Each structure stands twice: as structure tokens, then as C-alpha cells.
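Read the structure below first, then the notes.
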Amino acid sequence: LSLKQTVHRTTPGQLLYELGRPVLAIEVMVLQSTSELIILAGTTDGSVVMWLLPLGDLSVLVSPIGRYEAHQVGTNSLSALLTETFGDRYRLQICSGGDDQSIVVCTVDLFRNNEQNFSTRMHVVRVTKVDVASSSAIKGVKHLDKNHILSVGYSQILAIWRLSSDGSALKLLSTVAVDVADVNCFSLPAAGNLVAIGGMGVEFVSVSETGLQVH
């Protein structure tokens, strides 16, 4: 009789920071020009927290460079887009969806603070909010581009929103009802026009200039 023992090996991860609230959503993007990571976390109290780290160096605990209150309760989903660069200043558009049924688009600037040894600071430029964007919790938001955003939630409604040119208003463009129940997430490929929606199953919806179509 030969006994074969399975050996489990683990590679420890690096703890970035300990938050007082559980994290419901996370978004990571790379600033190619400075080789830095932007990390965003949405928490159960409705906050959005931001860190900036050197790419490839996660050896130490770091404190957030900024945070803001996006929702009254949990921030369920995040999507971030770099929209402008001004020398050593970067403008981000951060979209979030929450348990409070709202969608928030927050425009923030990242800049170097000469008085703080060139540390990076976050400044909120503008907050645009749709208070009742859905009849139930928003579970997913994604940028199509800097002017168009997709959202989905427990209401089983996938929606396209248009952000005004000055970023001050969100307008609902198109909606479609999906059959998949208990919607919890969705994915948008980097290329292509199909959206995969996950819940009690998976459903595909195509996005085009004329609107949304269920497959």
C-alpha cells in the first residue's frame, strides 16, 4: 500500500493597510509615467480610500493618501479612469455604485506636495451623484469611456449613463432588463461590445451606439 501525501505550499501576501471596515470593492490601475500603482477600496461604510505605491515595492505598510464618503452605506463597485495629465498632476474619474442605490462620479487630482517631501496628495475636484439610480442596490459600475458609464444591480436592470462635458450631471441613456436573478457582478472586455452579467447564472448583453440588446 502506497500513501501519497499532498503538500500544500503557500506564498504569503503583503498586507497593505488595515481598515476599520470590510472592503467590498477594489480597483487597481497603473500610472505608467511614474511606475506607480493607484489602489482604490470601497468599504461597508460607503467610503472610497486611495493609496499610491511604487510599482513592485509592497514591502511596507502605507497610509492612504486620501479618502472620501461616496455613499451612505456600502460601496459595492468601483471603476477608475485617468482622464488628464498636467505635468506632475493627474486627474482621475472615479465611479462608484452603492447599497444606497446611488451612482457617484468623483473627479480627483493627484499632485506632489513640495512641503511634504514631494509626497502625493489627493484633492477632490467635483462630485456628481444620482441619488436614485436604481430601485435596489447597485452591484456593478464600469467605464465605457470618460463620458459613458454602465451600471447594474439587484433590480436586474443594466443601464448606460452619459456624463456631461463639464462632469456636472449624469443622464440616463438606455436600459435593458436582464433575466439572470440576484445580480452581483459584471465584466466588460477591454475590446468588444459584450457585457457578461453574473448572478444566478451568466447572461450576455451587447452594447452599441443604438443601445443595449440581451442575447
Side-chain angles (χ1 to χ4, degrees), residues 16 19 21-30 37-51 64 66-83 92-108 122 124 126-163 167 170-178 180-190 192-205 207 212:
L16 174 66
L19 293 173
R21 297 276 185 168
V23 172
L24 297 176
I26 194 161
E27 175 88 340
V28 179
M29 61 187 302
V30 178
L37 281 178
I38 296 174
I39 302 173
L40 297 164
T43 64
T44 54
D45 66 352
S47 296
V48 174
V49 189
M50 180 185 289
W51 294 267
R67 70 173 67 210
Y68 62 92
E69 184 178 337
H71 303 275
Q72 296 177 10
V73 285
T75 300
N76 291 326
S77 184
L78 290 166
S79 179
L81 195 66
L82 178 64
T83 58
L92 299 179
Q93 188 183 100
I94 304 169
C95 183
S96 60
D99 276 332
D100 59 358
Q101 306 170 24
S102 70
I103 294 175
V104 174
V105 178
C106 184
T107 302
V108 302
M122 184 189 88
V124 175
R126 182 188 305 108
V127 177
T128 302
K129 185 173 184 177
V130 178
D131 286 311
V132 187
S134 173
S135 60
S136 59
I138 301 289
K139 300 298 289 185
V141 290
K142 296 285 184 184
H143 280 94
L144 290 173
D145 53 47
K146 69 177 183 178
N147 298 117
H148 296 89
I149 293 163
L150 279 175
S151 70
V152 74
Y154 282 150
S155 64
Q156 296 175 263
I157 299 294
L158 180 68
I160 299 180
W161 302 82
R162 176 184 290 157
L163 188 66
L170 268 177
K171 179 183 178 181
L172 182 62
L173 290 184
S174 179
T175 63
V176 66
V178 297
V180 63
D182 196 19
V183 174
N184 273 295
C185 58
F186 73 158
S187 179
L188 181 67
N193 65 343
L194 280 181
V195 181
I197 302 169
M200 297 297 291
V202 178
E203 186 168 357
F204 289 93
V205 176
V207 182
L212 299 164

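Because the structure is predicted, anything quoted here is derived from the model rather than measured.
For the atom pair CG (Asp145) and CD (Gln93), the distance works out to 9.0 Å, reported to the nearest 0.5 Å. For the atom pair CG (Leu150) and CD1 (Ile103), the distance works out to 9.5 Å, reported to the nearest 0.5 Å. Taking NZ from Lys139 and OG from Ser151, the interatomic distance works out to 13.5 Å, rounded to the nearest 0.5 Å.
Looking at Phe186 and Leu158, their side chains come closer than 4.5 Å, going by heavy atoms from C-beta outward. Using a 4.5 Å cut-off on side-chain heavy atoms (C-beta onward), Ile157 and Ser134 make no contact. Side-chain contact between Met50 and Ile38 is present, with heavy atoms from C-beta onward closer than 4.5 Å. Within the 4.5 Å cutoff, no side-chain heavy atoms of Val195 are placed close to those of Lys142. Using a 4.5 Å cut-off on side-chain heavy atoms (C-beta onward), Val105 and Trp161 make no contact. For the pair Tyr154/Asn184, a side-chain contact is recorded, criterion being any heavy-atom separation below 4.5 Å from C-beta on. For the pair Arg67/Thr43, no side-chain contact is recorded, criterion being any heavy-atom separation below 4.5 Å from C-beta on. Proximity of Leu24 to Thr75: side-chain heavy atoms (C-beta onward) are nowhere separated by under 4.5 Å.
Looking at every heavy atom in both residues, His143 comes nearest to Ser79 through ND1-OG, 2.8 Å. Looking at every heavy atom in both residues, Gly153 comes nearest to Val183 through O-CB, 3.4 Å. Scanning both residues, Met29 and Ala80, for their nearest heavy atoms gives SD-CB, 3.8 Å. In plain terms, the two heavy atoms of Val141 and Cys95 that are nearest each other are CG2-O, 3.7 Å. In terms of heavy-atom proximity, Gly140 sits nearest to Ser77 at CA-OG, 3.4 Å. When all heavy atoms of Leu78 and Gly42 are compared, the pair lying nearest together is CD1-N, 3.5 Å.
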Candidate pair Glu27 and Ile94, rule side-chain contact (heavy atoms from CB on, under 4.5 Å), full reasoning: CA-CA 10 Å; Glu27 175 88 340; Ile94 304 169; over 6 Å; no
Derivation of the side-chain contact (heavy atoms from CB on, under 4.5 Å) call for His71 and Asp99: CA-CA 8 Å; His71 303 275; Asp99 276 332; over 6 Å; no
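Ser136 places a side-chain N or O within donor-acceptor distance of the main-chain N or O of Ser155, the cut-off being under 3.5 Å. Formation of a donor-acceptor pair under 3.5 Å by the Ser174 side chain with backbone atoms of Ile160 is not found in this model. The main-chain N or O of Val180 is found under 3.5 Å from a side-chain atom of Glu203 such that the two form a donor-acceptor pair. For Asn76 (side chain) and Ile138 (main-chain N/O), a donor-acceptor pair under 3.5 Å exists by modelled atom type. The backbone N or O of Lys129 sits nowhere less than 3.5 Å from a side-chain atom of Asp131 that would complete a donor-acceptor pair.
Taking Val30 as the reference, Gln32, Leu37, Leu55 meet the side chain to side chain contact (heavy atoms under 4.5 Å, CB included) condition, with sequence neighbours excluded.
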